[in-house]
**Student:** 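Below: one structure in structure tokens.
Computed from a predicted structure; not experimentally measured.
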Amino acid sequence: MDERKQNNHPWDDSVYGTGRTQPPKSHGGLVALLLIMVIFLCGIITVLGILNVRLFHKLNTQEENDLSISFTTGATVPTQAATLPPEEAVPDAAQEVSPTIDLQQCPQSVENIPMEGGLSLQEIYSRNIDSVVSITSVSQSATATGTGVILTENGYIVTNCHVVENGVTISVQLSDSRELNARLVGADAVSDLAVLRVDANNLSPAQFGDSDALRVGDTVVAIGDPLGVKFRGTYTDGIVSGIGRDMDVNGRTMTLIQTNAALNSGNSGGPLINCYGQVIGINTMKIGAFTDSAGVEGLGFAIPSATVKDVVEQLISQGYVSGRPTLGLEGETLSSFDQYYYRLPAGLYITDVDASSDAAAKGVEEGDILLSIDGTGITTMDALNAAVYNREVGDTVEAVIYRSGAKYRVRLTLTENKG
């Protein structure tokens with residue numbers, strides 16, 4: 001016997017250099033367990049298969065019963081159909097008759113009356129189309145198109161201020177295709193209204209209704225020139241979606257009528273009409289489909305006729321709206337190129353100074369650059385108008401003027417804007 005095993009030396013690890021000397025362990029128990037599990041799983045699969053076959057047979061039997069019920073409760077099917085020759089049971093493709101469309105006589109078009117006591121949509125259009133005009137305003141840099149509404153037989157027309165703003169020449173096209181030159185009687189940027197005058201008589205003035213009587217849900221229609229004269233007289237309908245909407249426009253707040261009647265570029269200045277054929281608003285703006293990532297539709301706005309009456313009557317009688325404050329300055333935005341090339345600060349380049357204004361009395365001149373009003377930077381006319389919008393005639397503001405490389409501070413008194 002090996003002496004090392006007999007003495008049980010601690011260095012004897014029962015391992016030779018080529019492997020262990022002890023016999024390998026037996027795995028019979030593990031193999032038996034695996035076989036039992038496989039047999040068990042096979043049994044489960046077999047049972048599920050039998051159940052599936054029985055369920056499938058049951059469903060097929062139920063479908064056959066359902067089919068037999070659907071036929072017996074419907075039209076009777078001749079028993080001879082099953083014995084017909086194939087050529088009679090299934091028609092030959094060459095013998096098939098091409099289908100035709102039978103056009104039935106349509107009922108005569110009926111009048112669409114939106115409200116009891118109101119006019120049909122067709123009557124509203126025919127009553128107002130001759131009171132709607134197309135307007136083209138040409139300035140030194142662009143051409144603007146819009147719509148207008150005839151106020152009087154002798155040629156007064158109302159439209160939006162932004163349609164004719166800075167217009168050098170303004171023309172009006174009537175419904176009978178006559179084109180007339182127009183002159184600006186007065187304009188009010190705060191309310192976005194303007195009045196024109198053409199040399200013509202016997203025009204068809206629109207009838208105005210009281211916008212204060214409107215209710216949400218009232219039927220309204222719009223007539224105008226969306227996208228220009230090409231689509232003049234376009235007629236759209238909708239409802240009053242909201243009343244008294246306060247909208248911020250270029251720093252000013254306008255209280256408007258909201259409608260879902262389709263309004264587009266070119267509808268500006270056109271009428272919003274109620275179901276009685278009365279103009280209850282002048283269309284002025286819309287919220288477009290690209291104002292946010294979700295897109296918006298059906299958000300148009302019109303100036304209420306109550307506001308139109310107040311502003312238009314003042315424009316016709318005196319050429320301006322009383323109580324509107326102004327600094328008496330007109331200007332243009334300095335481009336980035338001009339700022340860089342001429343080394344000028346960002347501001348409003350003064351192009352005109354009202355001789356009767358306090359600014360003229362304090363020495364403000366054309367060519368100066370208005371930098372700020374009471375600490376608010378001014379770079380556009382909209383920003384200048386917004387800076388004085390909520391002030392009163394007689395208030396004073398501190399203006400910063402740039403001239404010949406130097407800045408000057410001057411206090412200016414607001415005067416009444418008389419156009």
Side-chain angles (χ1 to χ4, degrees), residues 137-144 160-170 183-192 194 248-254 315 318-419:
S137 176
V138 180
S139 65
Q140 293 181 345
S141 58
T143 299
N160 284 149
C161 179
H162 74 260
V163 172
V164 297
E165 191 173 24
N166 300 321
V168 177
T169 61
I170 303 172
R183 65 179 178 87
L184 181 64
V185 175
D188 180 51
V190 174
S191 63
D192 195 24
D248 292 329
V249 183
N250 298 327
R252 306 184 300 272
T253 300
M254 301 176 66
L315 292 178
Q318 60 190 25
Y320 64 94
V321 178
S322 300
R324 302 285 198 232
T326 182
L327 286 174
L329 302 176
E330 295 289 335
E332 298 176 352
T333 301
L334 279 172
S335 67
S336 300
F337 174 81
D338 288 337
Q339 294 177 44
Y340 176 80
Y341 187 80
Y342 295 105
R343 299 181 181 276
L344 299 173
L348 185 70
Y349 182 81
I350 304 301
T351 59
D352 184 72
V353 181
D354 186 354
S356 63
S357 67
D358 188 50
K362 297 291 178 62
V364 179
E365 302 174 352
E366 295 180 16
D368 290 344
I369 300 175
L370 176 62
L371 301 182
S372 66
I373 296 291
D374 285 343
T376 301
I378 304 296
T379 58
T380 65
M381 280 301 301
D382 287 337
L384 175 57
N385 292 331
V388 302
Y389 171 69
N390 289 320
R391 301 180 184 272
E392 302 290 336
V393 175
D395 289 350
T396 60
V397 297
E398 183 180 70
V400 177
I401 303 295
Y402 178 88
R403 179 191 298 170
S404 302
K407 296 180 181 179
Y408 303 91
R409 295 182 181 273
V410 58
R411 296 204 64 83
L412 302 176
T413 301
L414 297 174
T415 56
E416 188 174 48
N417 186 358
K418 296 185 178 181

**Student:** For Pro325, run the side chain to side chain contact (heavy atoms under 4.5 Å, CB included) check against Leu414, Val397, Asn417 and tell me which one passes.
**Tutor:**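 Option passing the side chain to side chain contact (heavy atoms under 4.5 Å, CB included) with Pro325: Leu414.
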
**Student:** Give, for atom OG1 of Thr351 and atom CE of Met381, the distance between the pair rounded to the nearest 0.5 Å.
**Tutor:**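 Spacing of OG1 (Thr351) from CE (Met381) equals 8.0 Å.
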
**Student:** Which heavy atom of Arg252 sits nearest to which heavy atom of Tyr389, and what is that distance?
**Tutor:**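 So the minimum-distance heavy-atom pair works out to CG-CD1, 3.7 Å.
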
**Student:** Work out which heavy atom in Arg391 is nearest to a heavy atom in Thr396; give both atom names and the distance.
**Tutor:**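 So the minimum-distance heavy-atom pair works out to NH1-O, 4.5 Å.
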
**Student:** Does Tyr320 OH have over 12 foreign heavy atoms under 6.0 Å away?
**Tutor:**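 Check passes, neighbour count above 12.
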
**Student:** Determine the minimum heavy-atom distance between Ala360 and Ala355, stating which atoms define it.
**Tutor:**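 For Ala360 versus Ala355, the nearest heavy atoms are CB-O, 3.8 Å.
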
**Student:** Looking at CD1 of Ile401 and CZ of Arg409, how far apart are the two atoms once the value is rounded to the nearest 0.5 Å?
**Tutor:**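 Output value for this atom pair is 11.0 Å.
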
**Student:** I need the minimum non-hydrogen distance between Lys362 and Val410, along with the two atoms involved.
**Tutor:**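 Closest heavy-atom pair between Lys362 and Val410: CB-CG2, 3.8 Å.
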
**Student:** For Leu334 and Pro345, which heavy atoms make the closest approach, and how far apart are they?
**Tutor:**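 It is CD1-O, 3.4 Å.
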
**Student:** Does the Asp374 side chain pair with the main chain of Glu398, one donor and one acceptor, at a distance under 3.5 Å?
**Tutor:**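 Checking the backbone N and O of Glu398 against the side chain of Asp374, a donor-acceptor pair under 3.5 Å is found.
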
**Student:** Give, for atom CG of Leu315 and atom SG of Cys161, the distance between the pair rounded to the nearest 0.5 Å.
**Tutor:**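 With rounding to 0.5 Å, CG (Leu315) is 9.0 Å from SG (Cys161).
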
**Student:** Hey, what do you get for CG (Leu348) to CG (Leu371), rounding to the nearest 0.5 Å?
**Tutor:**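 Atom-to-atom, Leu348:CG and Leu371:CG are 10.0 Å apart.
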
**Student:** Looking at Val388, Asp368, Val364, which one forms a side chain to side chain contact (heavy atoms under 4.5 Å, CB included) with Leu329?
**Tutor:**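 Only one of Val388, Asp368, Val364 forms a side chain to side chain contact (heavy atoms under 4.5 Å, CB included) with Leu329, namely Val364.
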
**Student:** Just by distance, do the side chain of Asp192 and the backbone of His162 share a donor-acceptor pair under 3.5 Å?
**Tutor:**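 Yes, because the side chain of Asp192 sits within donor-acceptor range (under 3.5 Å) of the backbone of His162.
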
**Student:** Counting N and O atoms only, with roles assigned by atom type, does the side chain of Ser137 sit under 3.5 Å from a partner on the main chain of Ala144, one being a donor and the other an acceptor?
**Tutor:**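 No, because the side chain of Ser137 does not come within donor-acceptor range (under 3.5 Å) of the backbone of Ala144.
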
**Student:** Roughly how far apart are Leu327 CG and Ile378 CD1, rounded to 0.5 Å?
**Tutor:**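 Nearest 0.5 Å value for the CG-CD1 distance: 9.0 Å.
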
**Student:** Do Leu384 and Leu370 pass the side-chain contact (heavy atoms from CB on, under 4.5 Å) test, and can you show the C-alpha distance, the side-chain angles, and the key distance before you say yes or no?
**Tutor:** CA-CA 9 Å; Leu384 175 57; Leu370 176 62; 3.9 Å; yes

**Student:** Is it the case that atom CZ in Arg343 sees more than 12 heavy atoms from other parts of the structure closer than 6.0 Å?
**Tutor:**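 Not more than 12 within 6.0 Å, no.
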
**Student:** Of all heavy-atom pairs between Ile170 and Val164, which one has the smallest distance, and what is that distance?
**Tutor:**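 Smallest interatomic distance, heavy atoms only, reads CD1-CB, 3.8 Å.
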
**Student:** State the OG-CG distance between Ser357 and Leu412, to the nearest 0.5 angstrom.
**Tutor:**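 Those atoms lie 8.0 Å apart.
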
